[in-house]
Amino acid sequence: MLILGIETSCDETSAAVVEDGVKALSNIVSSQIDLHGKYGGVVPEVASRKHVELILPTINEALEHANCDLGDLDAIAVINRPGLIGALIVGVAAAKAISLAQNKPLIGVHHLEAHMYANFIAFPDLQFPFVCLIVSGGHSDIVYAAGHGQYEILARTRDDAAGECFDKCARAMGLGYPGGPIIDRIAKEGNANSVAFPRASVGDSLDFSFSGLKTAVIRFAQKNESFPISDLAAAFQEAVVDVLVDHTIQAARQKGVRKILMAGGVAANSRLRAVMVDRAKANGFEAAYPPMALCTDNAAMAAAAGYYRFITKGADNLLLDTYATEPLTGEN
Ligand code: KG4
Ligand code: ZN
């Protein structure tokens, strides 16, 4: 079954063709990072306009790379929630137009569910149950997945998302946007023990809180202008990684599952990947993660999640709407 995936929820215009939910025949990402970089973050109206320009060429490129045309497709899967509303509307309008013109099923996909399903492309034989840490610019969730569409949310962030914290702290350090990959790179040269930043916990829950860490890093950067940036970046990164790994391992232990997966842009972080794999192994768990290009926003993950959604829950119709905020619950 061939599914065209479309993703326009933030600043990447992406289209992909995926076979049977696991084999990406193409995965084209037209990034707007350079456009938003000069503003230090994504400007929603600028993103929407750029999506309008890029959406059709990106879809055409995805079809070309997959060596197929619209008539060969079995369904269209599009991320319709959550995200920047004007940005989402562009992808959803394109998906509806193709669905209507070609008389193909239309499937609306949740962005976080899509991130998690990148793991089915990376590991086509992946079996349930597992625990997945989904960490992006807008979300930091730990999800227990018992089956397709059967999720229990074990943790969320109470304030900033991990990626947001990376980006805001990078800005305070005078680094560019998005800050996550830059901190990842320069932290490799730094001493992670140079500053003892706080590792916050929220009562007995596995929830995250990154705003205290963010404030501590911003204050430290303001007061210590000549402090080596690589040391500051490494110490900050270690604090985020420590908490993400610790809570995820606790979640896997609570649920009695061996398999830990990761997803979302922050799962591209090299230190998080290394520490998760090591600490999971030391505690009797097994951690894995998709390749970088499947961690950051892309449409192959939308097509993969769309495939499984289609075979378990069926298609949506042309009334499919867009939603700026919608937590992943397992019922949606
Ligand atoms: O999943 P994603 O591409 O888009 C959203 O759904 O938000 O995640 C983007 C976030 C940004 O905050 C970016 O700084 C962060 O992922 N990110 C990273 C790395 N690569 C991307 N954070 C830490 N280390 C990285 N290597
Ligand atoms: Zn994302």
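Atom set for the values below is all heavy atoms of this structure, side chains included, hydrogens, waters and symmetry mates excluded. Read the numbers this way: they start at 1 and go in the same order the structure lists the ligands and their atoms. Not measured: the values here are computed from a predicted model.
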note = Of all protein heavy atoms, the one nearest atom 2 (P) of ligand 1 is Asp297 OD1, 3.3 Å
ask   = His115 heavy atoms, cut-off 4.0 Å: which ligand 1 atoms fall inside?
value = 1 (O), 6 (O)
query = Charged N to carboxylate O under 4.0 angstrom, Asp72 versus Lys104?
reply = no
message = Please report whether ligand 1 has a polar contact with Pro178, defined as an N or O pair separated by less than 3.5 Å (distance criterion only).
response = no
Contacts of the Zn ion (ligand 2) with protein N/O/S atoms, counting only those under 2.8 Å = His111 NE2, His115 NE2, Asp297 OD1
Phe210 and Leu244, any side-chain heavy atoms less than 4.5 Å apart = yes
request  = Would you please say whether a donor-acceptor pair under 3.5 Å links the side chains of Tyr151 and Glu113?
outcome  = yes
inquiry  = Tell me the contacting part of His139 for ligand 1: side chain, backbone, both, or neither, using a 4.0 Å heavy-atom threshold, strictly below.
reply    = neither
ask   = Could an N or O of ligand 1 be found under 3.5 Å from any N or O of Gly137, whether backbone or side chain?
value = yes
inquiry  = Is any side-chain heavy atom of Glu238 closer than 4.5 Å to one of Phe197?
reply    = no
ask   = Which is it for Thr296 and ligand 1 at heavy atoms under 4.0 Å: side chain, backbone, both or neither?
value = both
remark   = Ranked by distance from atom 22 (N) of ligand 1, the top protein heavy atom is Gly180 CA, 3.3 Å
request  = Record the part of His111 in heavy-atom contact with ligand 1 below 4.0 Å; permitted values are side chain, backbone, both and neither.
outcome  = side chain
request  = Could you say whether the N/O atoms of Gly163 and ligand 1 ever approach to under 3.5 Å?
outcome  = yes
query = Could you state the interatomic distance from CG (Asp160) to NZ (Lys168), rounded to the nearest 0.5 Å?
reply = 4.5 Å
query = When the ring planes of Tyr117 and Tyr308 are compared, do they come out parallel, tilted or perpendicular, using 30° and 60° as the limits?
reply = tilted
task = Determine the minimum heavy-atom distance between Gly306 and Ile107, stating which atoms define it.
result = O-CD1, 3.7 Å
message = Give me the atom names and distance for the closest heavy-atom approach of Glu326 to Pro82.
response = N-CB, 3.6 Å
inquiry  = When you compare ligand 1 with Ser270, is there at least one nitrogen or oxygen pair between them that comes in under 3.5 angstrom?
reply    = no
query = Sequence neighbours excluded, which residues qualify as side-chain hydrogen bond (donor to acceptor under 3.5 Å, both in side chains) partners of Ser209?
reply = Asp159
query = What residue and heavy atom of the protein are closest to atom 24 (N) of ligand 1, and at what distance?
reply = Asn269 ND2, 3.0 Å
key: Donor + acceptor pair across side chains of Thr58, Thr13 (<3.5 Å)   = no
Numbered atoms of ligand 1 (with element) below 4.0 Å of Asp184, judged on heavy atoms = 24 (N), 25 (C), 26 (N)
note = Closest heavy-atom approach to atom 19 (C) of ligand 1 among Gly265, Gly138, Ala263 is made by Gly265
Heavy-atom nearest option to atom 11 (C) of ligand 1, drawn from Leu272, Asp167, Ile79 = Asp167
ask   = Judged by non-hydrogen atoms, does Ala268 sit under 4.0 Å from ligand 1?
value = yes
ask   = Salt-bridged, Glu45 to Arg49, with N to O below 4.0 Å?
value = yes
task = Using modelled atom types only, decide if a donor and an acceptor are shared between the side chain of Glu7 and the backbone of Ser9 within a distance under 3.5 Å.
result = yes
ask   = Between Ser30 and Gln32, does any side-chain donor sit less than 3.5 Å from a side-chain acceptor?
value = no
